[in-house]
Number of protein chains: 2
Amino acid sequence: MIKLVITIYDIAEKAGVSAMTVSRVINNTGRISEDTRKRVRKVMEELNYIPNSAARSLVSQKTNILSLLIADITNPFYTTLARGAEDAAKKAGYRLLFANSDENYAKEKDYVDMMLSTRVDGVLFAPTGDLSVDNLNRLLQHQIPLVILDREVPGIEADIVLGDSKEGAKTLVEHLVSLGHRRIAMINGSPDVSTARLRYTGYREALVLSGLPMDDELVVHLGFRVFHEDAALDALLTLKDPPTAIFAANNLLAVGIIQSLRERGLQVPEDISVACFDDIGPAEMINPFLTVAAQPAYQFGLLGMQLLIERIEAEAAQPPRKIMLPSDLIIRSSTRELQRKETNDGAEG
Amino acid sequence: MIKLVITIYDIAEKAGVSAMTVSRVINNTGRISEDTRKRVRKVMEELNYIPNSAARSLVSQKTNILSLLIADITNPFYTTLARGAEDAAKKAGYRLLFANSDENYAKEKDYVDMMLSTRVDGVLFAPTGDLSVDNLNRLLQHQIPLVILDREVPGIEADIVLGDSKEGAKTLVEHLVSLGHRRIAMINGSPDVSTARLRYTGYREALVLSGLPMDDELVVHLGFRVFHEDAALDALLTLKDPPTAIFAANNLLAVGIIQSLRERGLQVPEDISVACFDDIGPAEMINPFLTVAAQPAYQFGLLGMQLLIERIEAEAAQPPRKIMLPSDLIIRSSTRELQRKETNDGAEG
DNA sequence: TTAAGCTGTGTTACCGATAACCCAAAAATA
DNA sequence: TATTTTTGGGTTATCGGTAACACAGCTTAA
């Protein structure tokens, strides 16, 4: 029976040297004669040696593992981001421990415990919202290098990569206004998420700059997960002066909204225009439909990971950095020019 | 300055006991008086103690980490699968180390090294193809519990969860035949991937059962990644008797094909029908378009992970198990009844 | 010729936790 | 009361590596 787990001691014995010599060969440290080096290397290959990360971590106090926590793995924004993060981590020789909070604070907390226990070298963290402050502070207390993604968390000072939510929202709403829409509803994420607040601010600014009145009845705050709140939509649609366009704070909300509208017999964009933040994945390539403020999701992950690795490998402390990525207005067919109402037509159904 | 990393020795000292007693409290082993237990617990909370996984792994020879390797993180099939795997892993108290081979054998190999070095307790492995046999054998040599996903690899005996590729393909092609199509092309993945072979077999069977001739000119073998092979499509479209329908072996191929067709001024389904394996994500919910054989991706991940955990925690050795999940024919609007040709029309361009 | 320096390698201790073994004091039994 | 058993806990060695130090033998400069 072949020995299953080979250690440096097995190598050392077979090569007739000490374990320390083997360690030196592996790490290219110290002085080793070319002769010994070759002999050790050969034995290592013969025995198919693989170093034990746990043992190495224990003494080096480094795990070579980074962690990526995203808020919603069903959202193409986050999976694309994950891809960017993975590429950058792999390039720098780190392993990636992957976690998905499902926009759920408790799950997020569990994962933070896991990260601390694993002693990961750094964390790329897309917070669920302002509540994440405790979880983030735990990481900071333990001096774990940290880069935050997508959402700012009040009270936390750390490197961060985020999108320009306010400008993106403003551009999107201005686009709707330019199409003639005057009654523009917003269906927003939870107000304890920074992006939801900023997108709301952008929405307001666009209205103000266009000389349109703010109507609180047109604004609904939900969550960022898939939309199920039919009641909210009912409330909007039964207003005396219902909206002719809806701005959804993210992609999955928009998908749910459009489905709900269809169930009510309303067509997009014929009856109502819909625009949202974030693109929605490969399907959009075959039937370009949603008008969106597309964020560079891959860049979020890539740049975030690069910042993190720099932070980990930096000699001296640096002040927190902030990268803000613009979003890109992509006009497709879910929005269109407001049709003049035929008021004398009396057609209600 | 607060001590950053707290060990059981710090707890022991402050609680006036030995490290072993602290270890016993943490693991609920041995005999500890209620009094000491409480005291130790209190100190642990005060100092915000978090066990060191590496140290624990070193002695227990278990890491509590499982690894998930998928073949293409841009494909919604795999991300949905990942979600199922993550849910099952979390439920059982395991951490998940995440890897993406990008359908690339060399990347896959790197990740296998990483898994071995990490001494993961088990691996959920979606192979890139038949070449993966070496990588899989490395894991097996080291007796790492293993469950394979989605693609069979000749020469490897292990638990496996896969879809019924042959039946799915057959159903899809039969659907095209039932719409009157007689010239049905197949754009397939690489022939060294089991699903590509089986989908081809299903395609053939459907043709044979329908009494249609096989025409090798109608079959193209590419890869499973996003489609860029315009030349292949050109060849199909310039045949004397070109296809009126295309069966794509997976979702991303279909997306690429449809884009390419559009660039050539061909409309789907008006000019040509397209059907494929695997659904394409949330966008499909707003504009249902692609006719697909949808596989239960989430179940792939969930069941695979459950098998893996059973395998890890099983007392005795069990023979390899195989779970085959059926796919679901979803007829949408990318396929439609073949229109009678106006042969006397002479319209060639 | 001799002290000093370099080369190549071994020894020892330690990272943080736990298994295996040991043992004093208290409780139970003879 | 003497002996056995139980309770509650401590000691030591070990997991697989690596840092720090030691040191023999050869080279080189004084």
Side-chain angles (χ1 to χ4, degrees), chain A residues 3-41 43-44 47-65 113-121 142, chain B residues 3-41 43-44 47-65 113-121 142:
Chain A
K3 202 165 183 296
L4 269 179
V5 179
I6 304 293
T7 73
I8 52 169
Y9 295 95
D10 302 314
I11 311 286
E13 193 181 338
K14 190 155 180 198
V17 296
S18 75
M20 199 56 224
T21 298
V22 177
S23 173
R24 287 189 182 108
V25 171
I26 294 170
N27 297 291
N28 265 314
T29 53
R31 277 187 270 271
I32 301 287
S33 74
E34 203 43 46
D35 191 49
T36 331
R37 189 186 305 278
K38 269 187 194 156
R39 193 152 31 96
V40 170
R41 284 250 168 79
V43 176
M44 276 170 47
L47 297 187
N48 209 344
Y49 169 75
I50 291 164
N52 182 320
S53 294
R56 202 176 250 184
S57 298
L58 196 54
V59 49
S60 72
Q61 306 286 16
K62 297 212 159 295
T63 54
N64 222 30
I65 296 180
D113 280 345
M114 187 193 87
M115 293 168 196
L116 291 172
S117 173
T118 307
R119 305 284 197 268
V120 294
D121 292 346
H142 290 265
Chain B
K3 201 162 183 302
L4 270 180
V5 178
I6 304 293
T7 72
I8 53 169
Y9 296 94
D10 303 312
I11 310 286
E13 193 181 340
K14 191 154 179 202
V17 296
S18 76
M20 200 54 224
T21 299
V22 177
S23 172
R24 288 189 181 108
V25 170
I26 293 170
N27 297 290
N28 265 314
T29 53
R31 277 187 269 273
I32 301 287
S33 73
E34 204 43 47
D35 191 48
T36 341
R37 189 186 304 277
K38 269 186 195 157
R39 194 150 33 96
V40 171
R41 285 250 167 80
V43 176
M44 276 170 48
L47 298 187
N48 211 345
Y49 169 76
I50 290 164
N52 182 320
S53 295
R56 203 177 248 185
S57 298
L58 196 54
V59 47
S60 72
Q61 306 285 15
K62 296 213 158 294
T63 54
N64 222 31
I65 296 181
D113 280 345
M114 187 193 89
M115 293 169 197
L116 290 171
S117 172
T118 307
R119 305 281 197 270
V120 295
D121 292 346
H142 289 265

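Every chain is numbered from 1 and lettered A, B, ... according to where its sequence line falls, protein lines coming before strand lines. For the numbers below, each heavy atom of this structure counts, side chains included, while hydrogens, waters and symmetry mates do not.
- To the nearest angstrom, P of C:dA17 lies 16 Å from CG of A:Asn52.
- Side-chain contact between A:Thr36 and A:Val17: present, with at least one pair of heavy atoms (C-beta onward) separated by less than 4.5 Å.
- In this structure, A:Gly16 and A:Tyr9 both approach DNA chain C, and ranking their closest nucleotides by distance from the 5' end singles out A:Gly16.
- Across residues 24-37 of chain A, A:Arg24, A:Arg31, A:Ile32, A:Ser33, A:Thr36 each have a non-hydrogen atom less than 4.0 Å from an atom of DNA chain C (numbered order).
- Rounded to whole Å, the distance from CZ on A:Arg39 to P on C:dT9 is 8 Å.
- B:Ile26 places a side-chain heavy atom less than 4.5 Å from the side chain of B:Met44.
- Protein atom CE of B:Met44 is 16 Å distant from nucleotide atom P of C:dG16, rounded to whole Å.
- At a threshold of 4.0 angstrom between heavy atoms, the contacts of A:Val17 are confined to the sugar-phosphate backbone, with no base atom among them.
- Computed from coordinates, the A:Leu116 CG to C:dG16 C1' distance equals 16 Å when rounded to whole Å.
- Two residues are said to be in side-chain contact when any heavy atoms from C-beta on lie closer than 4.5 Å; B:Thr7 and B:Glu13 fail this criterion.
- Boundaries of the chain B contact region on DNA chain D are D:dT7 to D:dG16, first to last in 5' to 3' order (nucleotide atom under 4.0 Å from a heavy atom).
- Judged purely by distance below 3.5 Å, without hydrogens or angles, the side chains of B:Ser117 and A:Ser53 pair a donor atom with an acceptor atom.
- Across the protein-nucleic acid pair, B:Ile11 atom CD1 and C:dG16 atom P stand 13 Å apart, rounded to whole Å.
- With B:Asp121 contributing its side chain and B:Lys62 its backbone, the two residues share no donor-acceptor pair below 3.5 Å.
- Under 4.0 angstrom from either OP1 or OP2 of C:dT18 there lies at least one side-chain N or O belonging to B:Ser23.
- In summary, of the residues considered (A:Val22, A:Val43, A:Ile11, A:Asp10), a side-chain contact (heavy atoms from CB on, under 4.5 Å) with A:Tyr49 occurs for A:Ile11 alone.
- For C:dG10, the OP1/OP2 oxygens have a side-chain nitrogen or oxygen of A:Ser18 closer than 4.0 Å.
- Judged by closest nucleotide on DNA chain D, B:Thr21 is the one of B:Thr21 and A:Pro51 placed further toward the 5' end.
- Under the salt bridge (charged side-chain N to carboxylate O under 4.0 Å, His left out) criterion, A:Arg41 pairs with no residue, sequence neighbours left out.
- Nucleotide C:dC14 holds its P atom 15 Å from the CD atom of A:Gln61, rounded to whole Å.
- Using a 4.5 Å heavy-atom cutoff, the side chains of A:Val5 and B:His142 are not in contact.
- Regarding A:Met20, its CE atom lies at a distance of 13 Å from the P atom of C:dT11, rounded to whole Å.
- Looking only at side-chain heavy atoms (C-beta outward), A:Arg56 and A:Asn27 come within less than 4.5 Å of each other.
- Rounded to whole angstrom, the span from the NZ atom of A:Lys38 across to the C1' atom of C:dG8 amounts to 17 Å.
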